[in-house]
Amino acid sequence: MNPGQVLTQTYRQRVMVLALFGVLVLTVLLIKAINNGWFTPRTPLELNGEPALVFFTLAEGCDCEMTVVNAAEAQLATWIIPKENGIPLLRVDFSRRPDLAALYDVARAPALVLLDTQGLVFWKQDVGLSDEAPLDLDTAGSQIGHLLDLSKGN
């Protein structure tokens, strides 16, 4: 082999390595995009002119985040105020719906947002009280009562 052929072969090998690296990077980005819902349509919440309680949660996160999220889920599992008042509790994955988090100015999960009949924020809690009981359900319950009184004209 003459020196020109060696340089051409080395050049081709480098191009192939760079092309393979590019394909690997694009594959990783595609997998991340699919897993994080980048291609999922961003549909608005269906409120139907009724008040709603939106719970921003996480499907996955670090152990410390999931401890707090699981504690919030446990609090909501036994909370009957929304059911008694006919207010839907909508769960939204904070990491998959950053558009809704931005719309309601929610900075972290877990968070509760009470929406009025027009879909506007009536009350919000996005700062946890503690790791063991992050949601302020007493205040949320009184805010639900206040909202319902206002919508009835009381």
Side-chain angles (χ1 to χ4, degrees), residues 15-154:
V15 168
M16 290 299 290
V17 167
L18 285 175
L20 181 60
F21 178 74
V23 168
L24 288 174
V25 167
L26 289 175
T27 302
V28 167
L29 282 175
L30 180 62
I31 291 169
K32 181 177 175 72
I34 291 169
N35 286 340
N36 288 336
W38 294 358
F39 303 119
T40 304
R42 303 293 188 208
T43 57
L45 295 177
E46 291 186 29
L47 302 175
N48 302 322
E50 297 292 327
L53 192 62
V54 182
F55 173 57
F56 283 90
T57 186
L58 288 172
E60 56 186 42
C62 69
D63 287 342
C64 58
E65 288 175 323
M66 295 313 295
T67 298
V68 177
V69 167
N70 290 335
E73 288 281 1
Q75 283 182 278
L76 290 176
T78 59
W79 193 41
I80 60 171
I81 300 282
K83 294 173 193 163
E84 286 179 344
N85 292 294
I87 295 187
L89 178 63
L90 309 172
R91 283 178 166 70
V92 173
D93 187 335
F94 180 84
S95 58
R96 288 187 178 257
R97 292 302 307 265
D99 58 316
L100 290 177
L103 177 65
Y104 300 124
D105 195 28
V106 173
R108 65 188 60 82
L112 280 177
V113 178
L114 179 60
L115 302 175
D116 66 11
T117 57
Q118 298 173 352
L120 301 174
V121 175
F122 184 81
W123 174 82
K124 175 178 69 171
Q125 181 207 353
D126 63 349
V127 175
L129 298 180
S130 70
D131 287 354
E132 298 80 25
L135 301 178
D136 185 358
L137 297 184
D138 291 335
T139 302
S142 67
Q143 291 296 323
I144 289 171
H146 186 60
L147 175 62
L148 293 176
D149 287 345
L150 287 175
S151 65
K152 292 177 187 172
N154 293 340

Once salt bridge (charged side-chain N to carboxylate O under 4.0 Å, His left out) is applied, what residue pairs with a partner in residues 64-85 remain, sequence neighbours excluded? Glu73-Arg91

Counting distance only, does the side-chain N/O of Asp116 pair as donor-acceptor with the main-chain N or O of Gln118 below 3.5 Å? yes

With the side chain counted from C-beta on, respond yes when His146 and Leu150 share a heavy-atom pair under 4.5 Å apart, and no when they do not. yes

Has Arg108 got a side-chain atom pairing as donor or acceptor with Asp126's backbone, closer than 3.5 angstrom? yes

Test item: Val121 and Asp105 side chains (from C-beta on) under 4.5 Å apart, heavy atoms: no

If you measure from CD1 on Ile87 to CG on Leu53, what distance do you get to the nearest 0.5 Å? 7.0 Å

Reported NZ-to-OH distance for the pair Lys124 and Tyr104, which is rounded to 0.5 angstrom: 12.0 Å

Describe, in one word, how the ring planes of Phe94 and Phe56 are oriented to each other, choosing from parallel (under 30°), tilted (30 to 60°) and perpendicular (over 60°). perpendicular

Are Leu137 and Ile81 close enough that some pair of their side-chain heavy atoms sits under 4.5 Å apart? no

Measuring from Gln143:CD to Leu112:CG, what's the distance to the nearest 0.5 Å? 11.5 Å

In Å and rounded to the nearest 0.5 Å, what is the OG to CG distance from Ser142 to Leu147? 11.5 Å

Start with the C-alpha gap between Thr139 and Trp123, add the side-chain angles, then the distance that decides, and say whether side-chain contact (heavy atoms from CB on, under 4.5 Å) holds. CA-CA 9 Å; Thr139 302; Trp123 174 82; 3.7 Å; yes

Distance from Gln75 atom CD to Leu135 atom CG, nearest 0.5 Å? 4.5 Å

In short, Ala140 meets Trp79 closest at the heavy-atom pair CB-CH2, 3.7 Å

Heavy-atom pair of closest approach, residues Pro51 and Pro88: O-CD, 3.4 Å

By side chain to side chain donor-acceptor pair (under 3.5 Å) - contacts of Asp93 (at least two apart): Ser95

Within this structure, what is the CG-OG1 distance for the pair Asn70 and Thr57, rounded to the nearest 0.5 Å? 8.0 Å

